[in-house]
Structures are given as structure tokens and as C-alpha cells.
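Since the structure comes first, as C-alpha cells, the remarks are kept for the end.
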Amino acid sequence: MYRLFRVAQFTFRELIRSRMLYIWVISCVVFCALAFLLSILSFGEVHKIFMDLGLVGMEFSGLLVLILSLAVTYNTEFDQKAIYLQLCKPLTRGEYLLGRVLGFFLIISLVIISMGLVIGGLVVFIGGGKVGLLFVDSTIFLLLEMLVLTTLGLAFQMIGTSMVGVVLYSMFTIFLGHCIGQVEWLLSQKLSNTVKMILRVVHFFLPNLEAFNLKDRIYDPDLVLGWVQWREAFLYAFAYSFVVFLIGWINLEKRQFE
Amino acid sequence: MTDPTLAIQIEGLSKTYKTGFWLAPKVTQALKNLSLDVREKEAFGLLGLNGAGKTTTIKIMLGFLSPTSGAVKILNGRISDQNIRQQIGYLSELPYFSRQHTGRELLEYFGSLHNFSGKDLRYKVDEVLELVRMTKAANEKVSGYSKGMLQRIGIGQALIGNPKLLICDEPMSGLDPVGYKEMRDIFIDLKKRGTTLFLNTHIMDEVERVCDRIGILHGGELKKVALVSNILRSSVEVDYWVDVDPQDAPKFIGMPFQATVAEKGGFHIRGNELPETLATLNQKNIKTKGIRALSSVMEAYFLKTIGAQAMVPGRG
């Protein structure tokens, strides 16, 4: 456990000190500016604009930091072979991978939570509104989505043979993971068996990122968010992450560092 | 077989790489039936040209690659065993470290992977920084380090777990003469402390001064294993360069080095031809200005083993 936490701490420190966090600051400023701009056009709904755009900005920033971190660390760990010096130590490959996942997740959580605090401040102090419980719920669901995507991205790192490949796989998964509803709709249509079979495989393997999407329903009066929904979201996020982590771990164990 | 006096046992190791498309795969045999033993507290040098299979051997030893056939035992165990990895140190060629950390932070991280914590970790890091002469620059970011400093932090991370066996892949790569000497001194010091050294290198001077025994790998095959002391005492022919006065060039008419003498003021000669040639020069009343060995005994031995000739200018 000690080594695992040291890997996580090292990863966190490596990422927080890297310049990619400036990009997060820029995106934070851009989204806030955009919210201000749009709030001028709104009629008494300023806090809603801040809330909606803020949640989109939080997801966007988290994803941006994830993708950039995956690209940068693939370069250092695999292309520059920094991983060699760690794996020859008495550290298991499972500890290494889990430590990386924790380090990544910590930095992305920090990005999302700190941006959430900024958005909350804007809603209260400038928009004159209240930060409802649903905003907090949406943030937690967003963090669950990031846990799934972080584990998936790092599993791709263990499988992929190039930085570009890892980034493309991750972006493709993020895009398709948000299109699960469309895939389900396609499956209900009259299509050839081959197409349906492909769609079923895609539906089975892809993460259902819409399961964590509360931001689009934050003002939905029909939204029910009880114990069952929370349990399902947590179970799905952790179960999916666990399986993906195992796949990544097996790949790292078998990986040939040619 | 288990022999407690052996630090490394390699038996019948072969490695084949397949590259290219599945319709026309290209097969490269990086290692061919390599068998080798390295004794405890021994400094062993694995010599070879680029692409000879040295790095592949180390990668298999450390578990980064699976062999096509054969087996490796490190400290009488398997590298997959954490207790074995606790006892080894590894320095890769041109090691890369996260540029966002200081030298001390890096050593603390690598030390913690060896289960050091708290006071023990700080004490160990200070000790290693002292050993690799990096105490002063320990709190500077790695991004500002020179190649030599990076290499010293590299050796530091390899030593932080008090390794019984230190495996280094081209440890002198990219070092300037001062860095090279410092690194060599560290190896000599480690040898005195009883650490088993396994060095992949093609720098002959390093081998002569540090290693007890060498193996020569060429085209994936282990061509020879010999004691350095025996090689240095052997009658391996060393090539020489004989300096003469260029104005004496006309006296060389009929001799094979006439053109080189006129152009460069000297000529290259094989060791076994030296006495006879000097006698001829004496007969013709030609004075030599100096005679220099073009290669060390070790280099000559290496070149002879792999069947190559010394790269010398203006071979006469």
C-alpha cells in the first residue's frame, strides 16, 4: 500500500507541476467569460447560465487535462522509458497502474472541484442565485465519469503502442460513450443482423457515460435521484473501472518492452 | 541448478523479433543460445557493437522482454520475485526522469519503492547523494541538470536499495571526460564494497579499469568470455602509428607506406610487422620521431574476436 500511495503522490506531483495545468486555467477563464457574455443576453436567468456553462466547462476541463496527461505521460513513461526504472524496483505492475490511476484521478478531481467552487461563487455572488444540491450531485456524477475514463485511458496506455493511438482511442471512447442512447435507438431499428451485431458489441464494451450525465437534467422537474440511482451510478462506475483496470494490468504484465 | 556463488545464470537464451506485416514478416534473431554465468562480487562487462544484443540481454534479465527460449536466474531466483528485485539496481542508457522533480525528490521516490520511509529514507537519500556527488544540486529541478548530473542521479536511484547486483546499460553514454571519470570512480568504489556489477558497454577503457571478466557478444552470439587480466597479459597484436619526418618520403620509395608518409608524416603498421619494419628503416637510415599504439590491448582483443579491423586514418 505504501508503494502504491508513493506512485500516486509522484504522479500527482508530476502532473500538477507540468505546464498543462495552464490550459485548465485558460479553459476556466474562457468558460467564465463565455458565461458572462451569455448572461448579458439572458433575462433574469444569469445564475442558470453560469450553472449550465459551468458544468459543461467542468467536464470539458477534466477531459482536456485527462487527454493531455495521457499524452504527456505516455511520452515520458513509454517513449522515454522512465517506466523501466520503476518496474525494476520491488513494485508490482498492479501497484504501478493503480498508483497512476489514483494520481490521475486526484488531479482531475482537483481540477473539477476547484472549477466547481469558482462556478458556485459566480452563481451566488454575481448571478444572485443559489447553488442547489443538484449542482453538487452533478459534480459527484462527473467525478464518477472521470474515474471510468481515467481507468480506461490508462488501460489504453498499457495496451497502446503509440501516444497518438492512446489519445485517439480515449477520445473515440469519450465520444461514443456519450452516444450510448443513439446506439440503443439504432438497435431498436430495422437493420441488418451484421450491423446489429456490431452495435451490440459496441454497446456491451463501451462505457455508458450518459449514466453519469446529470448536467443536462439539472432543471428537469421529472428527475428522480434517490438511493437506487446513487447506488447504480457508484456500482457501475466502480465495476466498470475495476474490469478495465484488470485488463490494463494483465496487458502491463504481458507487455513486451521492445 | 542453484549455485549460491552465482549472481546471474543465463542458459540457452534466444530471442527472435518478428517485424513487418503478417504476409511478409521479417525475422531478426537478436540473441542466439546465450549461456553465461556471473559470479557474486564480480565486475562483468558485456561488450559488443550496437545491435549485438546487449540491451536485449538486459531487458530479458529484468523481465521487460520474454525470451523465445532459455532461462535467466538472478541471485538464484526469478526477476518476477519482488525479493529479488529488492536486491538489484538498474541504470538504463540515458535514463529519463520527470523534469518536474528535484534530484532529491526523485531519489526519495525511488527509495520509497524499496520500502524506505521516514528517517530511514531521508538518511538513505543523503547517503546516496553524497556517494554520487550530487548533494549540492539535490534541491534543483532535474530540468536544469547536465547529462552527467542526470547519469549520476540515475546511478543514485540504482543504488538506493543497497543492491547486491547492479546492472548498467551503457553507463558512460553521453558523458564528457570529467563525468566519465567520476562514473568510473563510482564503479571502482562499488566494486570495492563488494557489489556485483554487470555492465553493458563498448568503451574499452571502462572495461579495462573496472571489469574482472568480459564477454564479447557479436550478432547475438557470445563469442568469448575471458578474464581481463589474462587479456591484458596476452600477446594480442596492437596496431601502431610510426611518426617520421615527411621530408624522408623519397627514402620510402618501394615501400607500401610512401604515400601516407608524404601526406601525413607517418604510417600505420601491425604489431607483428613492427620489428622488421623498424630494422628496414634503420638500414635506410630513416629516423623515427615516435611510435604510438593505435588501440589498447582490450580494443585489439575485441576487434580480433569480432573479426573487425581498427578504424585508423590513412592505413599505409
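Within every chain, numbering begins at 1; the chains are lettered A, B, ... in the order of the sequence lines, protein sequences first and strands thereafter. All values below come from the heavy atoms of this structure, side chains included, with hydrogens, waters and symmetry mates left out.
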Item checked: Parallel, tilted or perpendicular, as decided by the 30° and 60° cut-offs, for the rings of B:Phe64 and A:Phe257 -> perpendicular
Notebook entry, point to check: Just wondering, are more than 12 heavy atoms of other shown residues or ligands nearer than 6.0 Å to CZ in A:Phe175?
Noted result: no
Notebook entry, point to check: Roughly how far, to the nearest 0.5 Å, is the CG atom of A:Leu87 from the CZ atom of B:Arg85?
Noted result: 8.0 Å
Margin query: Would you say CD of B:Glu130 has more than 12 non-hydrogen atoms from neighbouring residues, nucleotides or ligands within 6.0 angstrom?
Written below: no
Next item on the list: Kindly indicate, with the supporting measurements, whether the criterion side-chain contact (heavy atoms from CB on, under 4.5 Å) is fulfilled by B:Tyr96 and A:Lys81.
Entry: CA-CA 7 Å; B:Tyr96 187 88; A:Lys81 297 166 185 166; over 6 Å; no
Next item on the list: Enumerate by number any residue of residues 89-106 of chain A whose heavy atoms lie under 4.5 Å from heavy atoms of chain B; in the absence of such residues, state 'none'.
Entry: A:Lys89, A:Pro90, A:Leu91, A:Thr92, A:Arg93, A:Glu95
Notebook entry, point to check: Checking heavy atoms, do the side chain of B:Ser117, its backbone, both or neither come under 4.5 Å from chain A?
Noted result: both
Notebook entry, point to check: Does atom OH of B:Tyr17 have more than 12 heavy-atom neighbours, drawn from other residues, nucleotides or ligands, at distances under 6.0 Å?
Noted result: yes
Next item on the list: Applying side chain to side chain contact (heavy atoms under 4.5 Å, CB included), name anything that partners A:Thr161, two or more places apart in sequence or on another chain.
Entry: none
Next item on the list: Determine the option with the most heavy-atom pairs under 4.5 angstrom with chain A, choosing from B:Gln86, B:His101, B:His114.
Entry: B:His101
Check: Taking every heavy-atom pair that is under 4.5 Å apart, which of B:Lys59, B:Glu108, B:Glu105 has the most such pairs with chain A?
Finding: B:Glu105
Check: Given that the side chain runs from C-beta out, which part of A:Glu258 has a heavy atom under 4.5 Å from chain B: side chain, backbone, both or neither?
Finding: both
Notebook entry, point to check: Going through the distances and angles, do A:Gln86 and B:Tyr109 end up as a side chain to side chain donor-acceptor pair (under 3.5 Å)?
Noted result: CA-CA 10 Å; A:Gln86 295 164 80; B:Tyr109 171 60; 2.8 Å; yes
Check: Quick one: are B:Ser98 and A:Phe10 in side-chain contact, heavy atoms under 4.5 Å?
Finding: yes
Check: Among B:Ile160, B:Ile79, B:Asn115, B:Ile167, which residue forms the greatest number of heavy-atom pairs with chain A at distances under 4.5 Å?
Finding: B:Asn115
Check: Does a side-chain heavy-atom distance below 4.5 Å link A:Arg17 with B:Arg99?
Finding: no
Notebook entry, point to check: What part of B:Phe97 gets closer than 4.5 Å to chain A, counting heavy atoms only: side chain, backbone, both or neither?
Noted result: side chain
Margin query: Looking at A:Phe60, I'd like to know if its CZ atom is crowded, meaning that more than 12 non-hydrogen atoms belonging to other residues, nucleotides or ligands lie closer than 6.0 Å.
Written below: no
Notebook entry, point to check: Can you say whether B:Ala158 sits under 4.5 Å from chain A via the side chain, the backbone, both, or neither, judging by heavy atoms?
Noted result: backbone
Next item on the list: Return yes when atom NZ of B:Lys41 has more than 12 non-hydrogen atoms of other residues, nucleotides or ligands closer than 6.0 Å, and no otherwise.
Entry: no
Notebook entry, point to check: Which distance, rounded to the nearest 0.5 Å, do you find between the CD of A:Gln256 and the OG of B:Ser66?
Noted result: 3.5 Å
Item checked: A:Cys88 SG to B:Leu113 CG distance, which is reported to the nearest 0.5 Å -> 9.5 Å
